[in-house]
Amino acid sequence: MSISPAAVTGPRRLLKRVRDVMAGPGSAEERLGKIVTIIAADMVAEVCSVYVMRAGEVLELFATCGLAAEAVHRTRLRTGEGIVGYVAAHARPLNLRDAQSHPNFAYRPETGEEIYHSMIGVPILRGGRIIGVLAVQNRTERQYTEDEQEALENVAMVLAEMVAGGELVNRDELIPADGIALLPLRLSGARLAPGIGKGTAVLHEPRIVIDRMVAEDPQEELTRLREAMRGLQKHLDRMVEAVGSIDLGGGEDTGDILDAYRMIAKDTGWLNRITEAVNTGLTAEAAVQKVHDDTRARMAQVTDPYLRERLHDLEDLANRLLQHLSGQFQSPAFGNLPDDIILVARNIGPAELLDYDHTRLRGLALEEGSHTSHVAIVARALDIPVLGGVKGVLDKVEGGDPLIVDADNAQLFVRPSEDVRSVIDGALKARAERKALYARMRDLPAQTRDDVNISLNINAGLLIDVPHVIESGADGIGLYRTEIPFMVRSAMPDIEDQTRLYNRIFDQAEGRPVVFRTLDVGGDKLLPYWQDMTEENPAMGWRSIRITLDRPAVLVHQLRALIRAAHDRDLHVMFPMIAEVAEFRAAKQLLDRQLEREAGRGFVPRSVKVGAMLEVPALIWQANSLLGQVDFLSVGTNDLLQFMFAADRGNPRLEGRYDTLSPGVFTFLKHLVELCSDRNVRLTICGEMAGRPLEAMALIGLGVRRLSMAPASVGPVKEMVRSMNARSVEQYVLSLLDSPGKSLRSGLKAFAIDHGVKL
Ligand code: PEP
Ligand code: MG
């Protein structure tokens with residue numbers, strides 16, 4: 001869309017003049033004084049005023065041309081009060097021929113404004129937050145044109161830079177649109193990985209900083225906009241072609257991407273509004289930001305969840321368009337970062353998380369995320385607290401804000417006060433003391449009060465996890481996720497690389513058994529160098545053993561590397577996602593062949609044990625045949641439960657919908673425990689539930705004797721084991737199997753409290 005030259009000359013000239021004054025000499029207040037005079041003159045208005053939002057939702061008159069000078073810093077309006085307050089409360093312009101007849105008109109004698117009739121007010125927005133109001137008034141009953149309104153909005157956008165820059169009021173005083181000041185805030189979420197972390201906010205997808213607001217040459221800006229749009233469209237096309245891609249960086253599912261795509265493809269309105277803003281003198285970046293700020297502020301009042309989702313899509317698209325315009329694509333992980341990072345993101349994949357220096361990561365706060373998503377698992381392995389489902393965190397947190405992730409109590413403190421900090425310091429100290437207690441328990445047996453021994457093992461996936469097996473006093477590594485080293489590399493590791501890696505794992509485990517699970521990719525575990533792994537329903541798609549059986553070369557290389565590293569040691573190999581016995585047999589055949597081949601080269605493990613992961617419910621219906629062929633079985637409850645309940649483990653909307661502690665899950669596991677015990681097959685539970693003391697208590701009650709968990713869970717689970725009586729828990733748990741209830745959690749908790757079980 002274009003606008004006639006006559007209509008654009010004025011606004012463009014005005015913008016340039018405002019920008020020149022802003023960049024010129026004088027104090028901020030002096031410059032603001034000049035700006036209101038210029039605007040008043042340009043618009044042939046008797047009054048032009050700027051109100052700035054101060055702490056406590058108060059709009060204060062900061063500069064005026066036309067109203068009484070004494071009113072500056074004296075006239076203050078609450079959000080919602082008067083025309084100015086109305087504009088702030090609704091985050092949209094108000095264009096009135098006769099302001100005095102508007103129900104919101106509030107007369108302030110000190111201003112002398114009773115003589116003015118027409119009035120137009122536009123919000124000064126920054127990142128979707130109201131930070132002020134720009135108003136123009138005339139004596140006569142004048143109807144301001146749409147072009148005039150647009151020009152004022154553009155000026156307001158440029159002014160926003162000045163206000164947000166902290167020259168006029170302290171940045172701490174600026175108030176977000178929802179009425180919460182840049183003062184301390186507490187947001188709630190869900191605990192995805194335990195712990196408490198204190199640090200500085202780093203936005204995983206930082207807002208693009210726009211340093212040029214006013215365009216020299218609108219034609220050039222339009223060309224840039226068109227090119228960036230083409231780049232964005234191409235990017236979206238690639239995503240749509242690869243149906244199922246989750247590469248929006250935010251982890252949206254395909255439906256969202258397609259909706260967003262359709263919206264942008266059809267909604268020329270969005271592009272037209274940006275084009276119009278360029279035509280009135282803004283740079284392409286500033287125009288995208290302006291249109292987006294407008295939408296965001298308007299939608300802040302929308303409560304409909306569907307529409308709010310669409311806002312997220314738009315936000316994502318606007319951000320992507322800004323990336324295309326500015327060329328700023330790189331993850332902040334590769335930039336200069338503080339030593340105490342609290343990462344804030346909508347969602348993030350495990351590999352993206354590992355781009356960050358984990359020794360500096362103190363916590364993770366996600367708008368979305370779910371308990372069994374792999375990012376949560378990786379974070380748990382690294383002992384990084386994670387909060388998920390923190391609604392609005394991206395709107396309310398700025399990069400650099402001090403944050404405290406208190407995942408244990410499911411809360412995030414934004415810019416915490418001294419009081420909160422000192423309470424948290426106390427909690428951190430208590431945690432350190434608890435860790436010391438667990439360290440002291442390291443060499444004590446995981447034995448119940450009635451002398452039942454429980455084998456506690458750790459789940460690992462990174463080299464830094466492995467020493468935890470010694471530090472935590474665990475019996476071994478019950479699950480080594482071999483795909484994690486594959487995910488953090490830019491190319492597939494070759495046999496030599498893998499052999500070196502597995503050798504180091506054996507060495508560091510100092511003789512404790514390590515169960516190596518073969519490559520389990522797909523789902524939310526993507527390899528950056530495998531381009532074609534996108535599909536509509538990845539959790540149930542071509543993943544895990546399905547991939548490695550279809551591409552046996554990958555599995556063969558891995559098995560050879562494992563055999564070589566296991567020379568003269570005990571090799572445990574476990575195949576993931578086995579859905580039917582035939583798959584296990586095919587994988588085992590591959591292993592047998594490689595054992596033979598490598599033996600010919602002098603590599604012979606001391607012993608070889610081969611197991612399967614039970615993650616797909618279908619497998620239990622072949623238990624008879626399966627149990628005759630495996631040396632051990634490990635239940636991956638994360639995947640098993642998503643398939644049992646048909647509930648995507650990564651979907652935050654389903655988080656908490658079905659409880660792991662439900663009668664159905666118990667009955668299933670009880671049956672499995674009996675089958676394995678009858679056939680003398682070693683059974684381990686290695687999903688996330690094994691690492692939670694209450695769940696671990698219930699599993700032991702079901703007869704489970706081996707658990708594998710994140711290293712940080714070993715201490716708390718061991719403490720629980722040593723305080724429980726296996727037989728009494730068993731009796732209680734068995735009495736619950738036929739319960740019609742949804743969850744057995746509260747009953748189990750009460751039981752634990754009554755019987756002095758330490759949770
Ligand atoms: C599981 O599914 O429970 C499991 C342990 O495997 P992962 O979480 O790596 O899919
Ligand atoms: Mg799994």
Side-chain angles (χ1 to χ4, degrees), residues 192-193 349-351 353-354 369-382 386 456-462 465 476-488 514-527 533 538-548 572-579 583-584 587 611-620 632-651 654-655 658 660-661 665 668-669 672 683-692 695-696 699 704 706-711 713:
L192 302 190
L353 179 70
L354 291 167
S370 76
H371 199 87
T372 48
S373 58
H374 282 99
V375 69
I377 290 173
V378 170
R380 233 169 285 144
L382 296 170
V386 184
L456 301 185
N457 300 271
I458 65 160
N459 293 345
L462 294 168
D465 294 337
I477 298 181
L479 166 65
Y480 186 86
R481 293 180 161 103
T482 58
E483 63 279 1
I484 294 182
F486 280 69
M487 284 158 60
V488 295
V514 183
V515 177
F516 288 94
R517 173 174 77 182
T518 61
L519 203 59
D520 182 29
V521 289
D524 67 341
K525 290 185 281 196
L526 301 179
L527 300 184
M533 286 184 51
M540 296 204 204
W542 192 57
R543 58 175 284 205
S544 194
I545 195 74
R546 302 167 188 180
I547 296 181
T548 47
H572 293 81
V573 175
M574 176 160 79
F575 297 113
M577 279 283 290
I578 298 292
E583 283 171 347
F584 176 77
M613 277 192 88
L614 195 149
E615 302 178 273
V616 181
L619 190 61
I620 202 163
F632 62 90
L633 200 61
S634 200
V635 186
T637 46
N638 305 335
D639 274 312
L640 178 68
L641 267 61
Q642 84 165 334
F643 299 129
M644 268 178 79
F645 290 115
D648 182 351
R649 67 192 260 186
N651 186 335
L654 300 177
E655 176 76 0
Y658 303 103
T660 40
L661 296 180
V665 173
F668 184 98
L669 291 176
L672 188 62
L683 174 72
T684 307
I685 308 286
C686 67
E688 297 310 298
M689 75 181 288
R692 295 197 285 266
E695 279 83 342
L699 289 170
V704 173
R706 294 178 65 86
L707 300 168
S708 194
M709 61 198 71
S713 297

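Note that ligands are numbered from 1 as they come in the structure, with each ligand's atoms numbered from 1 the same way. This chain uses plain numbering: 1 for the first residue, then up along the sequence.
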Spell out, as yes or no, whether a donor-acceptor pair under 3.5 Å connects the side chain of N457 to the backbone of G476.
->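 Judged by distance alone, yes, a pair lies under 3.5 Å.
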Restricting to N/O/S, name the atom of E615 that gets closest to the Mg ion (ligand 2).
->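 Going by distance to the Mg ion (ligand 2), the closest N, O or S atom in E615 is OE2.
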Within reach of ligand 1, part of [X] (heavy-atom separation under 4.0 Å):
X: L479; answer: side chain
X: R649; answer: side chain
X: D520; answer: side chain
X: R517; answer: side chain
X: D639; answer: both

Closest heavy-atom pair and its distance - L456, M709 |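 That closest heavy-atom pairing would be CD2-CE, 3.9 Å.
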Ligand-residue contact atoms, ligand 1 with [X], heavy atoms, under 4.0 Å:
X: M613; result: 4 (C), 5 (C)
X: C686; result: 5 (C)
X: G687; result: 3 (O)

Validation row: [X], [Y] side chains within 4.5 angstrom (heavy atoms):
X: P576; Y: R543; answer: no
X: H572; Y: Y480; answer: no
X: Q642; Y: M540; answer: no
X: V635; Y: V704; answer: no

Side chain to side chain contact (heavy atoms under 4.5 Å, CB included) partner of E695, the single match among V665, L661, L707 |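 Of the listed residues V665, L661, L707, the side chain to side chain contact (heavy atoms under 4.5 Å, CB included) partner of E695 is L661.
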M689: which of L640, T660, N638 passes side chain to side chain contact (heavy atoms under 4.5 Å, CB included) =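 For M689, the side chain to side chain contact (heavy atoms under 4.5 Å, CB included) check succeeds only for T660.
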Closer than 2.8 Å to the Mg ion (ligand 2), do we get an N, O or S atom from D639, backbone or side chain?
->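 So D639 counts as coordinating the Mg ion (ligand 2), yes.
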Contact (N/O only, under 3.5 Å) between R543 and ligand 1 |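 There is no such contact.
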Which option out of L614, V635, N638 puts a heavy atom nearest to atom 3 (O) of ligand 1?
->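 Of the listed residues, N638 has the closest heavy atom.
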